[in-house]
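Because the structure is predicted, anything quoted here is derived from the model rather than measured. Atoms within each ligand, like the ligands themselves, are counted from 1 in listed order.
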Amino acid sequence: KELVTGEKIGCICITEPERGSDAVHMLTTCDEQEDGSFIVNGEKIYQTNGSKADWAVIYAVTEKNNGNTMAQFLVDTSWDGWTSERVNIPWTPRIHIGKETMSNLKIPSECVLGIPGDGRSHLFEGLNLERLGIVCLNLAEAWNAITHAVIYTNMRKQFDKEILKYQGVGFPLSDLWAQTMSMTLACLNICQTIDNKMEQLGTLPKEFNLALVATASQLKFLSTQLCERVVYESANLMGGAGVCDNTLMHDLLGITRIQEIGGGTRQVQQYIMSLTLRQLFKLL
Ligand SMILES: Cc1cc2nc3c(=O)[nH]c(=O)nc-3n(C[C@H](O)[C@H](O)[C@H](O)COP(=O)(O)OP(=O)(O)OC[C@H]3O[C@@H](n4cnc5c(N)ncnc54)[C@H](O)[C@@H]3O)c2cc1C
């Protein structure tokens, strides 16, 4: 409840120093004890909010490199055996990224969210919604940048005219606006479909979740590239005012620089999409 209301901060721990894109073959281990608790050992890295999280959802395997033995746990970060330090990303000084070490971390049985074997499917189900969440962030950043550029270019005068009236400024902004609007409508459409399913069924059916994998990857892949371009172009169309430090545009330029990596890199999204293409081909 504390997490849902935002009173406490949470993080999700999947990525490890030696297992990034290849997250399924993780090295963090969990050993079940006689009382149903687990002892976890390993390292995680690049967790959003990791260094200031009160709670963490972590993934570990009973056998190293074997994703089929993956389990999922809820961890109170004040427990013995848990340490976290901040990893600094210079483009995003306001974001806290963590590197976590679990050393004989004891997890009571009531904090087992998925027994060994169930963790892998829990991880992939969570990734769909995480990726759609990133799409929403991308769109928020793109709209933020466009709005600022439109206000600025409507007010800024050069050669005695508002610069938006020059086609060299107005046309590229219109182009970015059209693309951002299309992406927003696509995102809202899939979010509405998810909401409808949840309202009707109380859960997302397995087949729907599987189909959602490709859609979430497509939208994450395209929206990340779009938002980076929109923010870069919007900043450029604002001239010097768009690239000064300590401004909103400066923050947006930094954030869009890193969005392609979290939630699975560009190549991972392409890999997922190409796998789906092969499956679709088999259905023809
Ligand atoms: C801002 C930010 C927030 C993050 N938040 C979280 C979080 O909350 N929780 C969490 O668990 N993780 C998080 N991550 C980690 C993120 O998911 C990983 O960084 C990402 O999956 C890539 O792993 P890696 O950094 O080890 O890169 P690597 O996997 O080493 O990849 C390096 C490069 O090689 C490419 N590559 C790898 N394999 C292939 C292949 N088979 N074919 C083609 N190209 C390939 C990649 O696409 C990439 O370009 C976050 C990362 C960032 C930057």
Side-chain angles (χ1 to χ4, degrees), residues 3 8-30 40 42-61 65 67 70-75 77 82-102 105 113-114 119-120 122-138 140-141 213 216-218 220-225 227-228 231 251-278:
L3 283 173
K8 299 280 182 184
I9 295 175
C11 70
I12 300 172
C13 303
I14 302 169
T15 310
E16 301 178 352
E18 298 302 325
R19 295 292 185 275
S21 302
D22 189 15
V24 166
H25 296 109
M26 59 182 55
L27 302 175
T28 298
T29 56
C30 57
V40 174
E43 281 185 322
K44 300 284 178 181
I45 195 166
Y46 305 136
Q47 278 63 49
T48 304
N49 285 333
S51 52
K52 57 176 184 178
D54 302 292
W55 293 95
V57 171
I58 67 165
Y59 294 84
V61 284
N65 280 313
M70 196 185 296
Q72 184 194 34
F73 305 101
L74 181 66
V75 171
T77 59
W82 173 274
T83 51
S84 177
E85 59 187 286
R86 189 174 175 191
V87 177
N88 187 38
I89 299 183
W91 287 298
T92 54
R94 283 184 246 278
I95 296 180
H96 287 246
I97 300 286
K99 177 177 186 297
E100 290 73 31
T101 305
M102 288 144 281
L105 173 70
L113 302 176
R120 184 179 178 149
H122 287 203
L123 187 149
F124 281 107
E125 280 167 21
L127 276 177
N128 278 344
L129 296 186
E130 182 188 345
R131 286 180 183 143
L132 289 174
I134 294 173
V135 175
C136 295
L137 284 177
N138 290 338
E141 287 152 21
V213 172
S217 281
Q218 286 170 333
K220 201 254 171 187
F221 174 74
L222 286 177
S223 68
T224 309
Q225 290 178 12
C227 111
E228 191 186 8
V231 172
D251 276 353
L252 291 172
L253 283 165
I255 292 169
T256 55
R257 175 68 189 76
I258 61 167
Q259 289 289 43
E260 217 174 16
I261 302 171
T265 61
R266 180 194 337 153
Q267 289 87 341
V268 164
Q269 308 311 323
Q270 287 172 316
Y271 173 72
I272 293 168
M273 290 187 283
S274 65
L275 268 187
T276 311
L277 281 181
R278 281 169 54 201

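- Taking CH2 of Trp82 as the start and NZ of Lys44 as the end, the distance is 9.0 Å to the nearest 0.5 Å.
- Between the NE2 atom of His96 and the CD1 atom of Ile9 there is a distance of 8.5 Å, given to the nearest 0.5 Å.
- At a distance under 4.0 Å, no protein heavy atom can be found next to atom 39 (C) of ligand 1.
- Protein heavy atom in closest approach to atom 22 (C) of ligand 1: Thr265 CG2, 3.8 Å.
- Distances shorter than 4.0 angstrom do not occur between any heavy atom of Val268 and any atom of ligand 1.
- Nearest non-hydrogen protein atom to atom 20 (C) of ligand 1 is Ile261 O, 3.7 Å.
- Scanning the protein heavy atoms around atom 6 (C) of ligand 1, the nearest turns out to be Tyr46 O, 2.9 Å.
- Under the 4.0 angstrom criterion, atom 31 (O) of ligand 1 counts as having a protein heavy-atom contact.
- A distance of 6.0 Å separates CD in Gln270 from CD in Gln267, rounded to the nearest 0.5 Å.
- Of the possible polar contacts, none joining the Arg131 side chain to the Ser217 backbone as a donor-acceptor pair under 3.5 Å is found.
- Within the 3.5 Å criterion, the main-chain N or O of Glu260 finds a donor-acceptor partner in the side chain of Lys220.
- The two residues Leu113 and His122 come nearest to each other via the heavy atoms O-CE1, 3.3 Å.
- Nearest to atom 2 (C) of ligand 1 among the protein's heavy atoms is Ile97 CD1, 4.0 Å.
- Here is the list of ligand 1 atoms found below 4.0 Å of a heavy atom in Ile258: 1 (C).
- The protein reaches atom 47 (O) of ligand 1 closely, with a heavy atom under 4.0 angstrom from it.
- Between Asp22 and ligand 1, no pair of N/O atoms sits closer than 3.5 Å.
- For ligand 1, the atoms closer than 4.0 angstrom to any heavy atom of Ile12 are 7 (C), 8 (O), 9 (N), 10 (C), 11 (O).
- Nearest protein neighbour of atom 24 (P) of ligand 1, counting heavy atoms only, is Gly20 CA, 3.9 Å.
- Looking at atom 12 (N) of ligand 1, its nearest protein heavy atom turns out to be Thr15 OG1, 2.7 Å.
- Within a 4.0 Å radius of atom 34 (O) of ligand 1, the protein contributes no heavy atom.
- For atom 42 (N) of ligand 1, the nearest non-hydrogen atom of the protein is Gln267 CB, 4.7 Å.
- Summarising the geometry, atom OG1 belonging to Thr77 is positioned 5.5 Å from atom CG belonging to Asp54; distances are rounded to the nearest 0.5 Å.
- Among protein heavy atoms, atom 27 (O) of ligand 1 sits closest to Ser21 OG, 4.4 Å.
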